[in-house]
Amino acid sequence: MRIGELADRAGTTTRALRYYESRGLLPARRAVNGYRTYDENDLRLLQQIRTLQDFGFELEETRPFVDCLRAGHPAGDSCPASLAVYRRKLTDLDTLIGQLQAVRVQVGDQLARAELEAEAQEPGGPEPRCELAH
């Protein structure tokens, strides 16, 4: 298939496919007439890349999965390098979740303080101060 058909089937753009090709994630095969040519295996590679990107993986993080598929494995995540990327991503996500939970606690504390101050103020009293402004 040609680049436009592959882009349509993969739900992406020809520009993205050219970029993946320039990064070595998609093969750069050319027909005699100079057109790029692709097959069903290339579609599988793209589907793997797009799925991982939908999960928040950076493009370079998809490389072990692509390499695994290219090596003939039935799934891109059946190789040790892919499993290592999954482990790193889970660690990163756990760290991010912890940071977000801490921020949530701080925002909740600020809200509780602000609500108490708002209730204590009399109508027509001084303007509330903002502790977040520096």
Side-chain angles (χ1 to χ4, degrees):
M1 73 187 93
R2 294 197 8 210
I3 193 168
E5 181 183 350
L6 180 62
D8 287 342
R9 290 185 61 194
T12 191
T13 64
T14 57
R15 183 177 179 186
L17 298 183
R18 287 186 200 97
Y19 180 68
Y20 296 158
E21 182 183 302
S22 74
R23 299 295 306 265
L25 292 168
L26 197 59
R29 292 185 302 270
R30 301 266 183 176
V32 200
N33 60 9
Y35 290 128
R36 290 173 169 87
T37 61
Y38 302 96
D39 59 24
E40 294 299 318
N41 290 328
D42 300 322
L43 180 59
R44 281 186 61 214
L45 294 177
L46 280 174
Q47 290 168 333
Q48 179 75 79
I49 292 168
R50 304 244 328 142
T51 297
L52 291 169
Q53 287 193 303
D54 287 347
F55 290 160
F57 285 68
E58 298 293 328
L59 185 59
E60 194 56 35
E61 291 176 309
T62 69
R63 187 173 301 281
F65 298 85
V66 169
D67 291 344
C68 190
L69 285 172
R70 281 186 177 161
H73 294 272
D77 58 5
S78 60
C79 295
S82 303
L83 298 175
V85 172
Y86 275 153
R87 287 185 194 99
R88 276 194 309 272
K89 183 55 88 174
L90 281 175
T91 299
D92 293 347
L93 290 170
D94 288 341
T95 299
L96 183 58
I97 289 168
Q99 291 168 345
L100 289 172
Q101 287 173 332
V103 169
R104 186 184 191 293
V105 167
Q106 291 174 343
V107 169
D109 290 348
Q110 286 292 87
L111 173 62
R113 182 207 45 79
E115 287 174 336
L116 284 174
E117 282 185 10
E119 289 173 7
Q121 285 188 359
E122 296 177 33
E127 288 289 317
R129 67 182 203 284
C130 180
E131 292 183 15
L132 295 177
H134 296 283

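The residues of the chain are indexed from 1 along the displayed sequence. Keep in mind that this is a model prediction, so the values were computed, not measured.
- A continuous path of ILVMFWY side-chain contacts below 4.5 Å connects Met1 to Leu26, so both sit in one hydrophobic cluster.
- A donor and an acceptor atom, one from each side chain of Arg15 and Tyr19, are nowhere located under 3.5 Å apart.
- Every pair passing side chain to side chain donor-acceptor pair (under 3.5 Å) that includes a residue from residues 84-102 is listed here, sequence neighbours excluded: Glu61-Lys89, Asp77-Tyr86.
- Rounded to the nearest 0.5 angstrom, Arg9 CZ and Asp42 CG are separated by 11.0 Å.
- Heavy atoms only, all atoms of each residue included: Ala7 and Thr13 are closest at CB-C, 3.8 Å.
- Taking Arg70 as the reference, nothing meets the salt bridge (charged side-chain N to carboxylate O under 4.0 Å, His left out) condition, with sequence neighbours excluded.
- Cluster membership for Leu83 and Phe57, using ILVMFWY side-chain heavy atoms within less than 4.5 angstrom, is shared.
- Note that the CG atom of Asp67 and the OG1 atom of Thr62 stand 9.0 Å from one another [nearest 0.5 Å].
- For the disulfide bond (SG atoms under 2.5 Å apart) condition, the pairs that include at least one residue of residues 52-100, sequence neighbours left out, are Cys68-Cys79.
- No salt bridge links Arg44 with Glu40; every basic N to acidic carboxylate O contact stays at or beyond 4.0 Å.
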*Trace of the side-chain contact (heavy atoms from CB on, under 4.5 Å) decision for Tyr20 with Leu59*: CA-CA 9 Å; Tyr20 296 158; Leu59 185 59; 3.6 Å; yes
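- Under a cut-off of 6.0 angstrom, the local environment of CD in Glu5 is crowded, with over 12 non-hydrogen atoms contributed by other residues, nucleotides or ligands.
- In this structure, CG in Leu46 is found 8.5 Å from OH in Tyr38, a value given to the nearest 0.5 Å.
- Taking all atoms of both residues into account, the shortest heavy-atom contact from Gly4 to Thr14 is CA-CG2, 3.9 Å.
- Applying the disulfide bond (SG atoms under 2.5 Å apart) test to pairs two or more places apart or on separate chains, none has a residue in residues 23-52.
- For the pair Leu45 and Leu25, the minimum side-chain heavy-atom distance is 4.5 Å or more.
- Following chains of ILVMFWY side-chain contacts shorter than 4.5 Å, one can reach Val66 starting from Leu6, so the two form part of one hydrophobic cluster.
- Legend: residues meeting salt bridge (charged side-chain N to carboxylate O under 4.0 Å, His left out) with Asp39, ordered by chain and number and at least two apart, are Arg29.
- When the side chain to side chain contact (heavy atoms under 4.5 Å, CB included) test is applied to Ala31, the partners found at least two apart in sequence or on another chain are Asn33, Thr37.
- Distance check, rounded to the nearest 0.5 Å: CZ of Arg104 to CG of Asp109 gives 10.5 Å.
- The CD atom of Gln48 sits 7.5 Å away from the OG atom of Ser82 when rounded to the nearest 0.5 Å.
- Atoms OG1 and CD1, on Thr12 and Ile49 in that order, are 9.5 Å from each other to the nearest 0.5 Å.
- Between Arg63 and Glu60, at least one side-chain N (NZ, or NE/NH1/NH2) sits under 4.0 Å from a carboxylate O, which counts as a salt bridge.
- By the 4.5 Å heavy-atom criterion applied to side chains, Tyr35 and Ile3 are not counted as neighbours.
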